[in-house]
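For reference, the structure is listed below as structure tokens.
Read the numbers this way: they start at 1 and go in the same order the structure lists the ligands and their atoms. This chain uses plain numbering: 1 for the first residue, then up along the sequence.
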Amino acid sequence: MPSLIQPLPDGPLDIIGDVHGEVEALKRLLFRLGCDPVAKTVTRPLVFVGDLVDRGPDSGAVVDLVMGLVEAGVAHCVLGNHELNILLNDKKEGNGWFWGDDTDQYQYAANGQVHVEHFDATVAKPADAARYLSFFSSLPLVLEREDLRVVHACWNGSGIKKLPKTGDISSLARAWAKSIREDHKARGLWRAEKAERDEFAQLVRLDIRPNRDLPNHATAAQERQSLHPIKVLTSGQEERVPFSDIFFVGGKWRYVKRFDWWNTYDETPAVVVGHYWRRREDAVVAGKPDAWATARFTDWAGPRKNVFCVDYSVGRRFLERAKGATDTFEGGLAALRWPEKTLVFDDREGETPTT
Ligand SMILES: [Mn+2]
């Protein structure tokens with residue numbers, strides 16, 4: 001069983017953001033970083049912040065590439081929420097590729113209308129899927145050393161304390177989910193939430209907008225996330241939103257939104273995460289709250305300015321392509337070079353200083 005908390009290697013590192021199946025972007029970025037994924041050579045160790053998969057054109061190719069680098073000992077990778085969903089057999093919008101489903105679709109609203117966009121993704125063969133599962137189940141949740149911490153979404157000390165030294169992530173995640181569910185059943189919350197969800201098609205249809213607050217669903221959803229140590233690390237803490245601000249993203253109506261945990265992170269080691277769909281320049285992500293809304297797209301966050309999100313939304317490219325983009329994209333794949341604290345993008349020359 002894997003160690004859930006593993007050491008980062010010493011010395012300089014290149015920390016790569018969420019790839020989301022964008023294998024061409026990954027190859028271009030690796031080239032810019034002086035890496036050769038075929039020979040499995042790097043100029044310095046690579047660290048992947050998780051969410052290798054889903055939505056993009058070839059998630060399997062990304063996993064194979066990263067797995068090869070990890071097995072060669074030149075890369076490290078933490079588990080993201082998208083890998084966790086697959087480990088938990090949880091079929092969600094964007095991960096149809098893993099289940100051999102070539103009808104996977106993305107729902108979004110534009111100009112007051114509901115649109116559906118097909119994910120044009122290479123589907124996995126069963127033999128390949130088994131290999132991906134075994135890789136995902138080998139990944140740690142946390143990588144750390146004295147000056148630096150890497151986790152997919154949220155550095156949460158109390159959640160990390162609850163982790164055993166080694167363990168099977170899917171068994172642990174199921175056990176924690178079960179204990180939360182049993183508590184909800186004992187409180188009558190489970191039944192009350194189910195009634196609310198049933199009334200609105202389980203909240204998965206964009207064309208059926210709930211016309212009222214669903215307080216039991218909101219409370220249950222918030223607790224399923226924030227009381228679950230593995231969910232907190234891989235997809236962050238959440239807080240309720242007022243009914244007027246509910247939004248549809250990732251295939252369902254949301255009554256909770258991401259909590260800006262970095263504003264309360266007051267420890268010395270820097271933390272690098274992915275997950276938060278950060279913008280480049282003023283590229284606006286329409287239709288949902290923008291969690292990582294720093295003044296500049298290169299800013300570090302938190303009271304000590306030592307928390308950095310390196311996910312620059314390359315995962316939006318499937319949608320940008322569907323809308324006609326070919327070679328210029330709002331979303332990019334980035335590497336944060338440590339200790340220089342500069343960014344290298346897959347589609348830009350040179351290095352961009354962070355601030
Ligand atoms: Mn994520």
Practice prompt. Check whether any N, O or S atom of Asn81 sits under 2.8 Å from the Mn ion (ligand 1).
Written response: yes
Practice prompt. Could you confirm whether His82 has any N/O/S atom lying under 2.8 Å from the Mn ion (ligand 1)?
Written response: no
Item to complete: Pick out which of Gln225, Arg258, His275, His152 makes a side chain to side chain donor-acceptor pair (under 3.5 Å) with Ser235.
Response: Gln225
Discussion item. From the N, O or S atoms in His275, identify the one nearest to the Mn ion (ligand 1).
Written reply: ND1
Fill in: Within-4.5 Å side-chain heavy-atom neighbours: Leu30 and Leu46
yes
Practice prompt. Could you tell me which non-hydrogen atom of Ala293 sits nearest to which non-hydrogen atom of Arg279, and how far apart they are?
Written response: CA-NH2, 4.0 Å
Worksheet item: Does Asp51 bring an N, O or S atom to within less than 2.8 Å of the Mn ion (ligand 1)?
Response: yes
Worksheet entry | Any His82 side-chain heavy atom under 4.5 Å of His20 side chain | yes
